[in-house]
Trainee: 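First the structure, which I've put down as structure tokens, then a few questions once you've had a look.
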Amino acid sequence: MKNMNKKFWMGIILALAFYGIVQVLLTTGIFNDVTRSMLLLIGVNVMLAVSLNLINGITGQFSIGHAGFMSVGAYTSAILTLDYDVPFILAIIIGGIVAAIFGVLIGMPTLRLNGDYLAIATLGFGEIIRIVLLNTEYVGGASGLSGIPAKSTWTIIFFFTLFTVVLINNFIRSTHGRACLAIRENEIAAEAMGINTTMYKVIAFTIGALFAGMAGGLSAHTFYVITPGSFNFLKSFEILVMVVLGGLGSTAGSIVGAVFVTLLYTYLREFPEWRMIIYSIVLIMMMIFRPSGLLGKTKINFGKLGKKEAKANGSIDSSTP
Amino acid sequence: MKKIGAIILSTVLTAVLASGCGNNNTENSSSSANGGNAAGGTIKIGADLELTGGQASFGDSASKGAKLAVQQINEAGGILGKQLELVVADNASKSEEATQAAQKLITNDKVVTIIGASTSTNTLGIVPVATEKKIPLVAVGATNPKVTVDERSGDVNEWVFRAAFIDPFQGQVMANFATNNLSAKTAVIYTDTSSDYSKGLQKFFEETFKANGGEVLSQESYQQKDSDFKAVLTRIKEANPDVIYLPGYYEEVGKIVKQAREMGITVPFLGGDGWDSPQLAEIAGAAALENTYMSNHYSPEDTATEVTSFVEAYKAANGGAVPDGMAALGYDALKLVADAITRAGEADPAKIKEALAATKDLQLATGKITLNETHDPVKAAVVLKFVNGVQTFEAKVNP
């Protein structure tokens, strides 16, 4: 236990060191605006991927409504800062909480479904949010909200991201996290062991929604404009791609996946004609040659540095040419 | 422990990749800094357009139009003795990517002016960047008034201009056309109340039509996705106006026109660029569309020399493709910038901005442009008439 804590704090210290280095590079101007907004985007995407991983990877509930929660957080916080002069950090947190409330409301009825049915229900939720926003005059309708102050800084996004990763990681390692894992592995067995499956699914869903909402708020305050169109189901898939690419069920994998996809997408901007083709080819190759994702099922648990793949995935690996 | 290891790994990965990028950027900026804004005898203009994504056809047309303008200017010897260089960046039809693309154009490519984007939403993602970096922005296809005028403060965005006319302007154009060309004295306005666009056109049509001495007999309204309009059309028939103004989108417009003709309403229907879709003729039928008119940005059938020469050059450069409205606007946006740089006397963003604001009587493909105090163009719109279901050039209406 003592050793575990030591490692934990070492991780935090390393993360802070990374933050410090980037901060220095940003202040001295070695990192310009383009790099800066890429870093901010990476932070937001890491938050989204890690929170979706909690629902999809850890609890094993296939949700594709993450963009819906993101839009709730984005719109809530943007309205708060634009119309009510609420302090920025508070607005982001309120945005996350409102998204979490939606998470509970949506989670209660839909999480009794599973597999394909849950996917369709969450997809439906995302679309409903989008259509409601589209037809609400107060939030700008189809043309969305513009002129949102760009208050997200590297410092704020970094600490929100760090907070997300640490909190979700600790959740996964807790009793509740193990209950979620049990649900993923075998729901009936978990229930037989006395785990209230619906409650834990709703908890995971709500935590996921909370951070998705915060990420949405941060993203809105980075890119000035939000429209209902930027939170369509394709955005949900983009987040899902990050999670699957990094390794479903691995927090570290989600981080790597989010970083990788964001960088890939940013650098491919130089080649607009080839962008989608290369992006798609990379995804296809990844899924053929490494179906378990970049980091496989690398455990969020403490152990030696390295990768450990689930047996099931290993067998798929060996069968590929 | 493993988690920590993986986190460290990902952190290092980020650091390596991000710093790699940072280094490249600094090299770029230092090399550009040596040559100033117009390094190597070229003036760089950025284009932030929709090359991929949902509105890719708009961005593609606009970039072809802008490239044609650059080619023509360079063949004629460039500007101030320098060649123009167009740097095109893709915004993937998303406003947040438009923001990043604009940052890239300004920071890495050191452009002196940006043109784009093709839609209002994507342009709104560029506006804050252009304002913050003090780089002029000429929007290509943005028609929403809030692009150039901040909707909250009501202030004009100092650095933002546009090549397309704004939505309300079309209402004025059609009112003038009704009065002057159709000699209409009375009108009925039939508005789509679920669309800002329609309401904008309606308001300005009414104002102008009344100012011209016309009388608006009644105001009627419908909602998108309505399908039966006969009750309202009966009232309109009894009112018997000279013209019916129908500023909406093609889907409902098609049904309204069809039902009206079935009921024996023969007076002209007038509308805006929301009618601009091949589907209109399919829904309404060619016969019902006889005696209907719509306003649009430009028509390739226009016989004015500046239009025919643009259409010819565009066809030659793009394998015979006929330029659409967005291509003409892309061409015009770049010509607006080129004219401003020439008048500014140097490629300095602040001076280009001053010159853009003073643009007056500039002859371009979509007409003679003067930018007004809100940085919106005052220029002629074209009115198209439907003949056998096909849009044909009818008239050019000056504001």
Side-chain angles (χ1 to χ4, degrees), chain A residues 3-4 7-8 10-11 14-15 18 21-22 25 30-35 37-39 41-42 82 135 141-144 146-147 150 165 169 219 222-227 229-230 250-253 255-256 259-260 263 266-267 269 272-273 275-276 295 298-306 308, chain B residues 1-15 17-19 21-23 25-26 28-29 49 51-54 88-101 103-104 106-108 120-122 124-129 132-133 144 146-147 150-153 194-196:
Chain A
N3 188 37
M4 208 162 101
K7 296 294 178 194
F8 172 77
M10 223 179 91
L14 271 168
F18 172 68
I21 294 165
V22 173
L25 289 169
I30 295 171
F31 276 4
N32 61 20
D33 277 8
V34 180
T35 319
S37 63
M38 193 177 74
L39 285 166
L41 190 61
I42 286 174
L82 277 174
N135 290 295
S143 58
S146 55
V165 174
N169 244 331
S219 148
T222 309
F223 296 112
Y224 312 101
V225 183
I226 44 174
T227 60
S230 33
S250 154
T251 304
I255 299 172
V256 174
V259 173
F260 179 78
L263 289 177
T266 309
Y267 285 112
R269 185 173 293 131
E273 299 85 357
R275 188 179 188 177
M276 287 324 286
L295 291 196
T298 305
K299 281 292 172 212
I300 18 279
N301 272 324
F302 301 101
K304 278 180 196 148
L305 198 140
K308 184 168 70 186
Chain B
M1 175 58 210
K2 259 199 176 168
K3 173 195 79 176
I4 300 299
I7 289 176
I8 294 169
L9 190 75
S10 50
T11 311
V12 170
L13 185 75
T14 322
L17 285 164
S19 62
C21 165
N23 289 340
N25 293 340
T26 44
N28 282 348
S29 54
L49 292 168
L51 300 181
T52 58
V88 185
D90 178 27
N91 64 29
S93 309
K94 293 182 194 164
S95 71
E96 63 268 28
E97 298 229 16
T99 303
Q100 291 174 280
Q103 285 172 337
K104 177 198 153 281
I106 296 171
T107 314
N108 291 3
S120 300
T121 305
N122 295 339
L124 284 168
I126 313 175
V127 169
V129 184
E132 188 192 316
K133 298 286 174 189
N144 195 312
K146 70 181 179 184
V147 169
D150 188 281
E151 62 176 338
R152 282 168 199 277
S153 65
S194 54
S195 136
D196 282 348

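Being a predicted model, the structure only gives us computed values, none of them experimental. All chains are named by letter (A, B, ...) in the order of the sequence lines, taking the proteins before the strands, and each is independently numbered beginning at 1.
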Trainee: Which of the residues Thr99(B), Val129(B), Leu51(B), Asp150(B) is involved in the greatest number of heavy-atom pairs with chain A at under 4.5 angstrom?
Mentor: Thr99(B)
Trainee: Could you list the residues that satisfy side-chain contact (heavy atoms from CB on, under 4.5 Å) with Glu96(B), not counting sequence neighbours?
Mentor: Phe223(A), Ser230(A), Lys94(B)
Trainee: Report which part of Ile21(A) has an atom under 4.5 Å of a heavy atom belonging to chain B: side chain, backbone, both, or neither.
Mentor: neither
Trainee: Could you look at Ser120(B) and say if it's the side chain, the backbone, both or neither that has a heavy atom under 4.5 Å from chain A?
Mentor: neither
Trainee: Any non-hydrogen side-chain atom of Tyr224(A) less than 4.5 Å from a side-chain atom of Val127(B)?
Mentor: no
Trainee: To the nearest 0.5 Å, what is the distance between CG on Asp33(A) and CG on Asn108(B)?
Mentor: 9.5 Å
Trainee: Under the rule for side-chain contact (heavy atoms from CB on, under 4.5 Å), what residues qualify as partners of Thr222(A), not counting sequence neighbours?
Mentor: Leu40(A), Ser152(A), Ile157(A)
Trainee: In Å and rounded to the nearest 0.5 Å, what is the OG1 to CG distance from Thr227(A) to Asn122(B)?
Mentor: 8.0 Å
Trainee: Going by side-chain contact (heavy atoms from CB on, under 4.5 Å), Lys104(B) matches just one of Thr266(A), Val34(A), Asn32(A). Which one?
Mentor: Val34(A)
Trainee: Do you know the tightest heavy-atom contact between Lys146(B) and Gly144(A)?
Mentor: NZ-O, 3.5 Å
